[in-house]
Protein chains: 2
Amino acid sequence: MSLPHAILTALLEKPSSGLALTRRFDRSIGYFWSATHQQIYRELGKLEQAGFIRALPSAQPSRGQKKEFEVLPAGRRELTRWAGGEQDSKPIRDALLLRLRASAVVGRAGLDEELRRHLTLHRRQLAEYEEIEDRDFGAATDPEDRLRRLVLRAGIGLETFWVEWLAQALAEVTELDAAAEDGPEGPGDGPAG
Amino acid sequence: MSLPHAILTALLEKPSSGLALTRRFDRSIGYFWSATHQQIYRELGKLEQAGFIRALPSAQPSRGQKKEFEVLPAGRRELTRWAGGEQDSKPIRDALLLRLRASAVVGRAGLDEELRRHLTLHRRQLAEYEEIEDRDFGAATDPEDRLRRLVLRAGIGLETFWVEWLAQALAEVTELDAAAEDGPEGPGDGPAG
DNA sequence: ACGGGCATGTAATTAGTTACATGATTAA
DNA sequence: TTAATCATGTAACTAATTACATGCCCGT
């Protein structure tokens with residue numbers, strides 16, 4: 001349960017309105033913690049009630065009106081407390097890997113297209129990360145930016161892994177399909193429906 | 001929403017009881033799709049009602065009594081249908097990366113220990129995967145095992161990435177802490193509480 | 001005055017987690 | 001005969017997703 005802490009971090013980096021936060025979650029924050037605008041508005045309400053953040057005085061409290069938030073001392077303390085503890089990474093849930101395993105049982109129909117599709121997506125994401133690194137962290141010297149660059153490099157490393165793995169998987173699946181077309185044998189479910 | 005398909009895949013590979021499934025989700029299946037026993041029992045009930053699976057006739061329907069399930073033709077069709085579509089991987093939510101970003105704002109107290117802890121965990125997981133590959137996929141020749149080995153290799157690749165990234169992150173954080181101790185300067189929050 | 005995009009929010013549903021309850025089997 | 005473990009299940013809660021509702025502001 002780290003969404004409140006993601007929001008506190010984002011607001012400490014820069015006070016923002018709900019929609020502005022949503023945009024940042026779609027971009028930089030989303031590289032390690034994703035959230036929709038509904039989650040964000042709900043959580044902003046809770047954080048405000050808990051006394052961790054407050055609306056900037058300039059913002060009127062009316063629907064449809066922009067409302068900017070900043071972190072209060074209690075909010076910073078809470079984030080510091082959280083950052084002092086242990087964060088367990090949640091176990092993996094990857095639908096593509098599940099599909100591969102399913103394909104081993106019910107056949108590989110359409111699998112190569114799906115691998116190609118993911119390969120395109122991950123190549124695009126990798127390019128985006130690398131562009132950001134060049135643009136924003138060309139010469140990161142202060143401790144804050146060096147930590148943020150580490151986070152970005154995790155994203156780059158992960159995307160690099162996926163691109164390489166997908167290329168390898170695609171090669172292997174293509175080979176399997178070709179072999180099955182040449183001489184179908186064995187009790188398998190066939191290469192393509 | 002892929003838990004039912006994870007269960008169908010697992011049951012096609014080998015008919016099992018709820019607890020046996022739970023054990024497999026803690027092990028091989030859990031490498032790409034995790035689930036608790038409560039989720040599994042609930043989902044088994046739904047799948048049975050939907051006519052996708054059935055209890056083996058040998059199993060009595062009483063509480064505390066083992067009850068084994070197998071996949072019915074309709075269940076296999078459903079899995080085939082699902083495997084024919086697109087599977088979007090969910091956006092990342094990684095608490096450790098979030099914590100790094102938070103540490104850039106509220107200070108790095110305890111960060112090195114946390115990185116070391118994760119490093120140990122990922123090294124252990126990597127060793128486990130590699131052992132499995134040696135043991136179960138030494139000479140994977142049939143298409144089914146080659147696909148399953150691809151899945152395992154994704155796990156190996158991911159863990160390898162984390163181990164490397166964590167080592168790098170630890171080196172950098174250690175360096176930052178040392179520099180801060182030598183000559184603390186700038187408006188930062190300090191290296192350790 | 002209205003259409004489009006900005007901005008905040010509600011409601012309903014589904015998925016996932018945590019805690020606990022119950023019965024069956026087995027071995028000391 | 002009792003304790004441990006196997007095995008299935010209920011209940012309550014929290015988080016996340018999906019769909020929709022409302023009001024503001026700006027350009028035409």
Side-chain angles (χ1 to χ4, degrees), chain A residues 1-7 10-11 15-26 29-30 32-50 53-56 58-69 82 87-95 98, chain B residues 1-8 10-11 15-27 29-30 32-50 53-56 58-69 82 87-95 98:
Chain A
M1 221 278 291
S2 318
L3 177 58
H5 305 103
I7 291 179
L11 287 181
S16 312
S17 68
L19 189 62
L21 269 181
T22 301
R23 297 245 165 81
R24 290 169 64 200
F25 270 81
D26 284 345
I29 314 279
F32 50 89
W33 202 274
S34 71
T36 64
H37 84 273
Q38 291 86 348
Q39 280 179 282
I40 289 169
Y41 282 118
R42 189 151 21 98
E43 204 62 43
L44 282 173
K46 284 189 201 170
L47 289 169
E48 191 177 21
Q49 262 204 314
I53 64 175
R54 67 161 183 179
L56 287 182
S58 62
Q60 288 107 349
S62 128
R63 194 167 183 150
Q65 200 89 353
K66 191 156 71 170
K67 196 173 161 191
E68 297 214 299
F69 291 95
W82 176 83
Q87 285 79 34
D88 284 321
S89 40
K90 285 194 285 190
I92 299 175
R93 272 185 193 153
D94 188 287
L98 173 56
Chain B
M1 220 280 290
S2 317
L3 177 57
H5 306 103
I7 291 179
L8 287 173
L11 286 181
S16 311
S17 68
L19 190 60
L21 270 181
T22 302
R23 298 246 165 80
R24 290 169 64 199
F25 270 80
D26 284 345
R27 309 178 85 261
I29 315 279
F32 50 90
W33 204 272
S34 71
T36 63
H37 85 273
Q38 290 86 345
Q39 281 179 281
I40 289 170
Y41 282 119
R42 189 149 24 102
E43 204 61 44
L44 282 172
K46 285 188 199 169
L47 288 169
E48 191 177 20
Q49 263 203 314
I53 63 175
R54 66 161 184 180
L56 288 182
S58 61
Q60 288 107 348
S62 128
R63 194 168 182 148
Q65 200 88 354
K66 190 157 70 172
K67 196 173 161 191
E68 297 214 297
F69 290 95
W82 176 84
Q87 285 80 36
D88 284 320
S89 39
K90 285 194 285 188
I92 298 175
R93 271 184 194 153
D94 188 289
L98 173 57

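Letters A, B, ... are given to chains in the order of the sequence lines, protein chains preceding strands, and every chain is numbered from 1. Side chains included, hydrogens not; waters and symmetry mates left out as well; all remaining heavy atoms used.
- Between the side chain of A:Ser34 and the backbone N or O of A:Gly30, no donor-acceptor pair lies under 3.5 Å.
- One interatomic measurement links the two molecules: CG of B:Asp88 to P of D:dT18, which rounds to 11 Å at whole-angstrom precision.
- Following rounding to the nearest Å, B:Glu43 (CD) and D:dT8 (C1') show an atom-to-atom distance of 16 Å.
- Within 4.0 Å (heavy atoms only), A:Ser17 reaches sugar-phosphate atoms of the nucleic acid but no base atom.
- The interatomic distance linking B:Leu47 (CG) with D:dG9 (P) rounds to 13 Å, in whole Å.
- Nearest to the side chain of A:Leu3, among D:dA16, D:dT8, C:dC6, sits D:dA16.
- Between the A:Glu43 side chain and the A:His5 main chain, no donor and acceptor come within less than 3.5 Å of each other.
- Nearest nucleotide to the side chain of B:Lys66, out of D:dT17, D:dA7, D:dG9: D:dA7.
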Exercise for review: Apply the test side-chain contact (heavy atoms from CB on, under 4.5 Å) to residues B:Lys46 and B:Gln49: give CA-CA distance (whole Å), side-chain angles for both, the deciding distance (0.1 Å), then the verdict.
Suggested key: CA-CA 5 Å; B:Lys46 285 188 199 169; B:Gln49 263 203 314; 5.7 Å; no
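- Atom NZ of B:Lys46 is separated from atom C1' of C:dG16 by 11 Å (rounded to the nearest Å).
- For the pair B:Pro91 and B:Ala20, nearest-nucleotide mapping onto DNA chain D gives the more 5' position to B:Ala20.
- Using modelled atom types, one side-chain atom of A:Gln87 and one backbone atom of A:Trp82 make a donor-acceptor pair closer than 3.5 Å.
- Considering only side-chain N and O atoms, A:Arg93 lies nowhere under 4.0 angstrom from the phosphate OP1 or OP2 of C:dA15.
- Out of C:dT25, D:dT8, C:dG16, the shortest distance to the side chain of B:Lys90 is found at C:dG16.
- Proximity of B:Arg42 to the phosphate of C:dG16: no side-chain N or O atom is located under 4.0 Å from OP1 or OP2.
- For D:dA16, the OP1/OP2 oxygens have a side-chain nitrogen or oxygen of A:Gln39 closer than 4.0 Å.
- In this structure, CD1 of B:Ile40 is placed 14 Å from C1' of C:dT17, rounded to the nearest angstrom.
- For the side chain to side chain contact (heavy atoms under 4.5 Å, CB included) criterion with B:Phe69, the lone passing option out of B:Leu47, B:Leu44, B:Leu56 is B:Leu44.
- Rounded to an integer number of Å, the gap from NZ of A:Lys67 to C1' of D:dC24 is 15 Å.
- Regarding B:Asp26, its CG atom lies at a distance of 15 Å from the C1' atom of C:dT17, rounded to whole Å.
- Going from atom CD of B:Gln38 over to atom P of C:dA19 covers 11 Å, rounded to whole Å.
- Comparing C:dT25, D:dC20, D:dG9 by their closest approach to the side chain of B:Gln65 singles out C:dT25.
- Proximity of A:Tyr41 to the phosphate of C:dG9: no side-chain N or O atom is located under 4.0 Å from OP1 or OP2.
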